[in-house]
Amino acid sequence: MRMSQLFSQTLREAPSEAEVVSHRLLLRAGFIRQLAAGIFSYLPLARRSLNKIENIIREEINAIGGQEVTMPVVHPADLWKETQRWYQIGSEMGRFKDKNNRDMVLAMTHEEVVSDLVRKEIRSYRQLPRLIYHIQTKWRDDPRPRAGLIRVREFTMKDSYSLDADWEGLDLQYRNHYQAYFNIFNRCDLPVIAVKSDVGMMGGKMAHEYMYLTPIGEDTLLLCDQCGYSANRQIALFRKVKPPEEKMLPVEKVSTPNCKTIADLATLLDIPESKTAKAVFMMATIPQGVETVDKFVFAVVRGDMEVNETKLTNAVKAKELRPATEEEIRVVGAEPGYASPVGLKDALVVVDDLIPQSPNLVAGANEEGYHLINVNFGRDYSADIVTDIVSAQEGSLCIHCGGSLREVRGVEVGNIFKLGTRYSDSMGCTFLDKDGQEKPVIMGSYGIGSGRCMACVAEEHNDELGLKWPISVAPYHVHLVLLPGKNDKKAVQIGDEIFTDLCQAGVEVLYDDREESPGVKFTDADLIGLPIRLTVSDRMVKQKSVEFKFRRSEDKEIIAKDDVMTKVKTEIARMEAEIKSKVVEMPFKD
RNA sequence: CGGGGUGUAGCGCAGUUGGAAGCGCGCUGCGUUUGGGACGCAGAGGUCGGCGGUUCAAGUCCGCCCACCCCGACCA
């Protein structure tokens, strides 16, 4: 490609709204342009990188038996009503009516459409297992798009769907994806880890997320360096240290004016926060048959810990959970800031499983300005549910080995879910098994955001001058810089020749044939960040030589013009081999 | 949805007390220059986010709205 013809330009300064480095560089280098919050156009350079990422995905998913299809972006709402997700999902779903006033949905994901295909196409166990996938646009009207391409509303995702006759089949396809995903990210030179995750709106049995670790990530992960345990904070388990046993003391009411927080309380009474009980109030929307009911949830955890909303949501089997308002709190007889599980009415009391082992805690008195000391679970109050509802944090003890957990941030670039029969059951995806029994198809779903993946590669590979693409994802292999000098057509001739020869040999070349000063051309080359830079200049031409430089190195090498082809092809092959060597077998971590 | 911020030329920004819309970069033309964002001359480019109000007069003051960014809530 001649740069003089390229549809995009570099920007000397990035628009001020771009803060994250991948966003700034992708804008400045002319890869992307923003249309609205979380909605982007992908210009030719980005498109080429995305094509490479998507082709890597195709190769790896085809290798585990995937068959590519394309499913629609616009769906009739009826399909989503069948699985209830039309009702369960809120404003994040794009909805509109067609000209006949029918409800329509913009695809957030494609389980419904896959299931519809499956129930129409799959009749017999002889047609299973299958794996289908597509690379398609999704719309999720996220409340807060941010960080350029990291979190957008319109995005492209590769989503595959596995169809099996039995659970062993699902296990196999899940494990195949587990490895294929590592292969994909390794081939993009993007370091990731797999962590166990919550199943969220997808429903299902088991899920892993592939996380690229970076401080700009919005998910918090807990890692154990000792045994390798890793999990999203939403579900991370940890060992809770049982406090020393104490004899239960009689409850006593004490005056604690202006003490609405745990920290105030601990200071005033001169006790550690672990000797207090913290009360958190939520309103949960809980499905009951087709209907849902709103239930007031009173969660009790130790004062030194935080309620984990995902765990709490799962504990009460809620579809939605939100903080309760002050009025709602008073209705159940509690006093905000001085709340106590003692003497409540009409509330679903959920107690963290460490509380029953923690004697003589300080809790609110449900009366402004007073707390109760020596409150004991079982004697003074009881719970509807006792289970783990607190978050692991930096320094928590690993559930497996007792090592100290480390907290890191990450961006989710892929996920794999064992859906089981969640969609087969609601949409009637059944087949006739060997034994003549009608059975539900067992499904899995597996996603990778290709744009997010590209952004993460950009986030990982850059320096103060610009991007530094890995060879496998770079829009072109070679940046050919032409510096023609004064009144000399010779350099132009040589440049054109090298460009043509390399292209014919299958090397992808971006040829800077613009009438710009050398400074501009070199700066743009660094910014765009192709792996190899060749410079053809007036003064080099006289020696029949060309300058060769890697984007990732400072070193410049002068090579004979006749050696360019061999050198370039050798170095590309070497870089490709280097990437390939990163593809290794990963142990499956359940 | 809550908190904070920004909106003036393609990008980055200035605009004082309310009194003729500016600067740098980029863009167009001509000439010079040519190994790390060159130089000269001449140009083009504006719904000052929108609507309403106050005023002789509004980019500037007041009200409402919109968009975008950041933090939080939420979320595959």
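Throughout, a chain's letter reflects where its sequence line sits, starting with A, and its residues are numbered from 1.
Nearest to the side chain of A/Thr523, among B/A73, B/C11, B/G36, sits B/G36. Of the candidates B/G26, B/G35, B/A38, B/G35 carries the atom nearest the A/Arg539 side chain, counting heavy atoms from C-beta on. Closest to the side chain of A/Arg146, from the set B/G36, B/G12, B/C70, is B/C70. The side chain of A/Glu19 has B/C70 as its nearest neighbour among B/C74, B/G36, B/C70. The listed nucleotides are B/C68, B/C70, B/G37; the one nearest the side chain of A/Arg144 is B/C70. In the set B/A73, B/C25, B/C68, B/C25 carries the atom at the smallest distance from any side-chain atom of A/Arg12. If you check B/G35, B/G36, B/C68 against the side chain of A/Ala36, the one that comes closest is B/C68. In this structure, of B/G36, B/G37, B/C74, it is B/C74 that holds the atom nearest to the side chain of A/Glu309.
Separation of the C1' atoms belonging to B/U17 and B/A9 is 27 Å when rounded to the nearest angstrom. For B/A42 and B/G53, the P atoms lie 44 Å apart once the distance is rounded to whole Å. B/G46 and B/A73 are spaced 40 Å apart, taking the C1' atom of each and rounding to whole Å.
Looking only at distances, a side-chain donor or acceptor of A/Trp469 sits under 3.5 Å from a matching main-chain atom of A/Ile528. Side chain of A/Lys521 to main chain of A/Leu482: a donor-acceptor pair is present (N/O by atom type, distance under 3.5 Å, no hydrogens or angles).
Between A/Phe588 and A/His208, the ring center distance clears the sub-6.0 Å criterion.
For the pair A/Arg2 and A/Tyr511, the cation-pi test (distance below 6.0 Å, angle within 45°) is failed.
The CG atom of A/Asp526 sits 11 Å away from the C1' atom of B/G37 (whole-angstrom rounding). Atom pair A/Glu92:CD and B/C1:P shows a separation of 15 Å (rounding to whole Å applied). Between A/Leu11 atom CG and B/A9 atom P the separation is 15 Å, expressed in whole Å. Rounded to whole angstrom, the span from the CD atom of A/Glu515 across to the P atom of B/U28 amounts to 11 Å. Across the protein-nucleic acid pair, A/Ile558 atom CD1 and B/G35 atom P stand 14 Å apart, rounded to whole Å. A straight line from CD of A/Glu218 to C1' of B/C71 spans 13 Å, rounded to a whole angstrom. A/Lys542 places its NZ atom 12 Å from the C1' atom of B/G35, with the value rounded to the nearest Å. Rounded to whole Å, atom P of B/G37 lies 20 Å from atom CD of A/Gln9.
Judged by atom type and distance alone, A/Arg28 reaches the base of B/G37 through a side-chain donor-acceptor pair under 3.5 Å. You'll find a donor-acceptor pair under 3.5 Å spanning the side chain of A/Glu547 and the base of B/G35, going by distance alone. On a pure distance criterion of 3.5 Å, a polar donor-acceptor pair joins the side chain of A/Asp524 and the base of B/G37. Not a single donor-acceptor contact under 3.5 angstrom links the side-chain atoms of A/Thr535 to the base of B/G35. Checked by distance alone, A/Arg533 brings a side-chain donor or acceptor within 3.5 Å of a matching partner on the base of B/G36.
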- Test side-chain contact (heavy atoms from CB on, under 4.5 Å) applied to A/Tyr161 and A/Val118, step by step: CA-CA 10 Å; A/Tyr161 300 89; A/Val118 168; over 6 Å; no
- How far apart are the C-alpha atoms of A/Tyr423 and A/Glu112, what are their side-chain angles, what is the distance that settles it, and do they pass the side-chain contact (heavy atoms from CB on, under 4.5 Å) test? CA-CA 7 Å; A/Tyr423 295 92; A/Glu112 278 77 2; 3.9 Å; yes
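Base contact: A/Glu13 has a heavy atom under 4.0 Å from a base atom. Contact annotation for A/Pro15: backbone-only contact, meaning every heavy-atom pair under 4.0 Å involves sugar-phosphate atoms and none involves a base. Residue A/Ala525 is classed as having no contact, given no heavy-atom separation below 4.0 Å to the nucleic acid.
Annotation: A/Gln543, atom CD; neighbour count of heavy atoms from other residues, nucleotides and ligands within 6.0 Å is above 12.
In this structure, A/Leu527 and A/Ala37 both approach RNA chain B, and ranking their closest nucleotides by distance from the 5' end singles out A/Leu527.
In this entry B/G29 has B/C41 as its Watson-Crick or G-U wobble partner, both defining distances falling under 3.5 Å.
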